[in-house]
Student: 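Please see the structure below; I have some questions.
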Amino acid sequence: MQNWLNVSDFHDFSIHNLPFGVYVSSNGKTPCVAIGDKIIDMRLAADHGLFDHLSFNKSVFSSGVLNDFIETGKANWSAVRKTLQDALTDESSALYLNQGSILVDRQTATMVLPLHIGDYTDFYSSIEHATNVGKMFRDPANALLPNWRHIPVGYHGRASSIVVSGTDIKRPNGQTLPPEATQPVFGPSKRVDFELEMAFIVGKTTELGSTIPTEDAENHIFGMSVFNDWSARDIQKWEYVPLGPFLAKNFASTMSPWIVTMEALEPFRCESVKQEPEVLSYLQYSGNKNFNINLEVDLAPENQEATTICKSNFKYMYWNMAQQLAHHTVNGCNVNVGDVMASGTISGKDENSYGSMLELCWGGKKDIQLNGGETRKFILDGDTITMRAYCENDSKRIGFGESIGKIVG
Ligand code: CA
């Protein structure tokens with residue numbers, strides 16, 4: 001699409017994308033939208049009258065988080081997006097005429113966590129991942145537990161430790177049971193891992209006692225981000241029975257700074273894998289509810305080149321977001337704008353599509369080869385994990401930016 005910034009349709013942040021984030025401006029934390037190598041300061045864009053034709057209160061763009069804008073509702077998310085696309089293709093627009101003040105270089109901008117996240121839920125919705133973990137942690141012959149094909153399995157995570165891309169992650173301490181030992185020991189985790197996930201952001205607050213049916217669920221989703229749900233496998237193995245993940249998971253999760261709207265993802269809908277056996281009626285859905293999103297993970301040792309160690313795709317998900325949200329609320333649990341719900345590790349069928357090092361090294365049995373000659377099983381101090389996500393077809397590209405984090409001792 002022609003635009004006066006001449007941003008290619010195949011740029012990660014093309015005019016077809018326009019993801020939302022929050023950056024540190026001279027006015028403090030400010031909502032922004034990415035376009036090419038620039039960001040649009042939404043507060044200044046509003047001050048210059050860009051959104052005067054829209055009826056919502058423009059003070060939402062003076063907030064330090066996106067929650068207030070998201071609260072204005074889906075019709076306004078769409079109207080703001082359309083307004084920006086029109087302004088970027090019109091050399092008489094307020095955006096064009098005031099570009100010197102409204103546009104900021106993206107590379108020099110400091111991005112921050114774009115949301116107030118009240119609650120974080122982590123699902124476990126990739127059948128390949130659940131099968132691989134079941135084989136390693138439990139019984140290779142019965143890797144999937146009996147409930148797995150009936151329930152989008154999930155647990156309540158910890159919102160306080162979600163950080164924005166670029167934040168260093170301290171190696172967690174904890175209890176582990178060393179191999180052959182009968183008593184646990186305390187110390188730094190020796191099996192720090194990433195989990196390649198996508199997160200969706202709740203866009204509509206619900207009342208306690210109400211439910212969200214699958215056919216309405218997507219109206220309750222603002223957008224999606226690339227999400228690294230850091231994990232400590234040795235701590236996990238000792239602590240997870242009987243109530244599931246705790247300290248092995250809650251020390252950190254890294255979110256990309258950009259939230260891609262569901263409207264931008266619309267051209268990349270795809271079918272899901274067939275669910276067998278048939279799911280209960282409240283989990284049934286119609287139409288294409290999955291999305292074709294390419295996913296990549298790089299590992300870079302300190303001061304060394306990066307190696308792409310995983311290439312996966314969001315389309316492998318067994319349970320879709322509509323089912324996850326329907327299940328989450330079917331008991332009357334309320335959700336709030338800004339809640340983050342992550343997919344669970346996204347693995348494909350091929351060995352190079354496994355979305356965690358636990359699977360890539362098959363529980364420590366194999367080495368993961370790096371370009372510089374080193375090998376890894378789990379993450380060492382100084383290693384940086386970079387996750388990328390993008391959709392692409394013959395006419396356009398939609399990029400999610402990156403989730404970057406370095407493990408430090
Ligand atoms: Ca996870």
Side-chain angles (χ1 to χ4, degrees), residues 117 119-138 143-145 147-148 151-163 165 167 169 172 174 189 191-202 224-241 243-256 293 295-297 309-310 312-314 316-321 323-325 327-328 339-348 353-361 363 378-379 385-387 389 400 403-405 407:
I117 304 170
D119 279 300
Y120 159 44
T121 300
D122 193 24
F123 286 94
Y124 190 57
S125 289
S126 154
I127 195 165
E128 284 82 9
H129 173 68
T131 303
N132 287 340
V133 173
K135 282 179 183 171
M136 282 182 272
F137 273 43
R138 289 186 302 271
L144 282 184
L145 288 168
N147 62 4
W148 201 90
I151 293 175
V153 170
Y155 70 98
H156 289 114
R158 185 79 195 164
S160 66
S161 56
I162 298 178
V163 296
S165 177
T167 308
I169 308 298
S189 167
R191 291 195 158 198
V192 172
D193 197 356
F194 64 81
E195 289 194 329
L196 171 60
E197 307 198 13
M198 293 293 295
F200 72 82
I201 314 305
V202 172
M224 298 178 70
S225 270
V226 199
F227 196 81
N228 181 353
D229 189 37
W230 300 96
S231 299
R233 300 301 180 192
D234 43 2
I235 297 173
Q236 182 181 1
K237 190 170 186 178
W238 173 233
E239 76 171 3
Y240 88 104
V241 181
L243 286 187
F246 191 32
L247 303 187
K249 300 283 188 171
N250 71 4
F251 61 95
S253 303
T254 300
M255 188 172 154
S256 61
I293 305 172
L295 305 168
E296 295 175 359
V297 182
I309 57 174
C310 165
S312 188
N313 195 302
F314 187 70
Y316 301 142
M317 299 293 291
Y318 188 86
W319 296 101
N320 60 54
M321 294 181 282
Q323 292 179 309
Q324 290 168 338
L325 200 46
H327 183 67
H328 201 302
D339 284 358
V340 167
M341 303 210 175
S343 57
T345 306
I346 304 161
S347 295
S353 67
Y354 293 168
S356 66
M357 293 179 80
L358 175 72
E359 294 162 271
L360 290 166
C361 78
F378 293 94
I379 301 172
I385 299 295
T386 300
M387 296 181 174
F400 287 77
S403 161
I404 303 173
I407 294 291

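Numbers here are sequence positions counted from 1. Heavy atoms only: backbone and side chains are in, while hydrogens, waters and symmetry mates are out. Here the structure is a predicted model, which is why all the values come from computation and not from measurement. Both counts, for ligands and for their atoms, begin at 1 and track the order of listing.
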Student: For Gln236 and Ser231, test the side chains for any donor-to-acceptor distance below 3.5 angstrom and give the result as yes or no.
Tutor: no
Student: For Ile293, is there any backbone N or O sitting under 3.5 Å from a side-chain donor or acceptor partner on Asn313?
Tutor: yes
Student: Do the side chain of Glu239 and the main chain of Phe246 share a donor and acceptor less than 3.5 angstrom apart?
Tutor: yes
Student: Tell me how many protein N, O or S atoms are within a distance shorter than 3.0 Å of the Ca ion (ligand 1).
Tutor: 4
Student: Taking atom types as modelled, find out whether Asn250 and Ser161 have a side-chain donor-acceptor pair closer than 3.5 angstrom.
Tutor: no
Student: Is the gap between the ring centers of Tyr120 and Phe227 under 6.0 Å?
Tutor: yes
Student: Please list all pairs passing the salt bridge (charged side-chain N to carboxylate O under 4.0 Å, His left out) test where one or both residues lie in residues 153-163, with sequence neighbours left out.
Tutor: none
